[in-house]
Number of protein chains: 2
Amino acid sequence: MAEHTFSISELAREFDVTTRTIRFYEDQGLLEPQRAGQRRIYSRRDRVRLMLILRGKRIGLSLLEIRELFDLYDAASNDEPQLREFIRILSRKEQQLQEQLDDIRVVLGEIGQIRSQCEKALGKQAV
Amino acid sequence: MAEHTFSISELAREFDVTTRTIRFYEDQGLLEPQRAGQRRIYSRRDRVRLMLILRGKRIGLSLLEIRELFDLYDAASNDEPQLREFIRILSRKEQQLQEQLDDIRVVLGEIGQIRSQCEKALGKQAV
DNA sequence: ATTGACGTTGACGTAAACGTCAAGTTATTG
DNA sequence: CAATAACTTGACGTTTACGTCAACGTCAAT
């Protein structure tokens, strides 16, 4: 079965990051593509890793935290305590996001008030 | 009516930031406390501003964005287009947060799978 | 054989958000 | 009055996450 692989710029295009970024992630131990001579060859697994990195960033993880999660996950497959640790970290992150969401609801509520005040101020003239 | 004021370290303690941080926010045009000689005197309004700054940070705004929102808000009180812009920016942020939440739900879903796999692997022995 | 696209490794630069002195000022208190 | 605490400005340091060259390798196509 012919394993599909990717070049660095293919991945860069697909995920809208620069090649520099991808190499940087490798530098940080987040990716370990194979080589064909000098050239980097990315497997499906590498591609998934990149997806996970970017998702991690979107939920506010630092690259170091992502790295630690990868390491934990790799080591955790057969180790329950580490898996629990893994889950605990993510639960904590979930709670942080929940707080963020609460914050933004507050902000949006305030905005609503401001808006209605403004519309009242502008009055019946030319809204 | 005696306006209650605050020293820099009072605010620092209350919000668990350093005085350096508060001065830095002033440097960035986010706060403009009065002075008694050299000393900074923070009013209730300044305190509210600081709360807003920290809340803004929690929802992922940069200090620059917060600054722009303050400026917009100050200028917007009587100007509808700017108010709409103000609201638009926050709506965009709300959407980003929503995406973050979706991301984390995905992650947590995956975690659930991994956990159950792990428990299955550990089997009936000593879970 | 040369051009062009793509890739490579350094090395240095940058922006954000503070931390960390240093060196001086002001206020209070024993 | 001297010590101490709290405050000030200013300058330089730090971390994260890349951007930006420079200088070179490689491979396919003309």
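This is a predicted model, so every value here is computed, not measured. Order of the sequence lines sets the chain letters (A, B, ...), proteins ahead of strands, with each chain counted from 1.
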Nearest-angstrom distance from the residue atom CZ of Phe24(A) to P of dC12(C): 17 Å
Would you classify Thr19(B) as touching base, sugar-phosphate or nothing, given that sugar-phosphate means primed atoms plus P, OP1 and OP2, and contacts are heavy atoms under 4.0 Å? nothing
Of the options dC7(D), dT9(D), dG7(C), whose atoms approach the side-chain atoms of Ile8(B) most closely? dC7(D)
Nearest-Å distance, CD1 (Ile41(A)) to P (dC6(C))? 15 Å
Using whole Å, report how far CZ of Phe15(A) lies from P of dC18(D). 15 Å
Nucleotide nearest Arg39(B) (side chain, heavy atoms from C-beta), chosen from dA17(D), dC18(C), dT25(C): dT25(C)
Is the phosphate of dA6(D), meaning OP1 or OP2, less than 4.0 Å from a side-chain N or O of Ser7(B)? no
Length of the CD-P vector between Gln38(B) and dT8(D), whole Å: 8 Å
Between CD of Glu65(A) and P of dT15(D) the distance, given in whole Å, is 17 Å
Could you state the atom-to-atom distance from CZ of Arg67(B) to C1' of dA16(C) in whole Å? 16 Å
Closest listed nucleotide, where the reference is the side chain of Tyr25(B) and the choices are dC18(C), dC7(D), dG19(C): dC18(C)
Is there a donor and acceptor pair, one atom on the side chain of Arg23(A) and one on the base of dT9(C), closer than 3.5 Å? no
With a non-hydrogen cut-off below 4.0 angstrom, is Arg40(B) in contact with a base, only sugar-phosphate, or nothing? sugar-phosphate
Give a yes or no on whether Asp16(A) atom CG has more than 12 heavy-atom contacts from other residues, nucleotides or ligands under 6.0 Å away. no
Is the distance from OP1 or OP2 of dA17(C) to the nearest side-chain N or O of Thr21(B) less than 4.0 Å? no
Distance, rounded to the nearest Å, where Glu26(A) contributes CD and dG7(C) contributes C1': 13 Å
Distance (rounded to the nearest 0.5 Å) between Phe15(A) CZ and Phe6(A) CZ: 8.0 Å
Quick one: do Glu26(B) and Arg23(B) make a salt bridge, cutoff under 4.0 Å? no
With a 4.0 Å cut-off, would you call Arg49(B) and Asp46(B) a salt bridge? no
Charged N-O contact under 4.0 Å between Glu99(A) and Arg55(B): no
Give a yes/no answer on whether the side chain of Thr18(A) brings an N or O atom under 4.0 Å of OP1 or OP2 in dC18(D). no
Regarding the side chain of Arg35(B), the nearest nucleotide among dT8(C), dG19(D), dT9(D) is dT9(D)
Without decimals, in angstroms, what is the distance between Leu30(B) CG and dA16(C) C1'? 13 Å
Using the side-chain heavy atoms of Arg20(A), tell me which of these nucleotides is nearest: dG19(D), dA17(C), dA6(D). dG19(D)
Is any side-chain heavy atom of Asp102(B) less than 4.5 Å from a side-chain heavy atom of Arg105(B)? yes
When you match Ser62(A) and Tyr42(B) each to their closest nucleotide on DNA chain D, which lands nearer the 5' end? Tyr42(B)
DNA chain C: Arg13(A) or Ala36(B), which has the more 5' nearest nucleotide? Arg13(A)
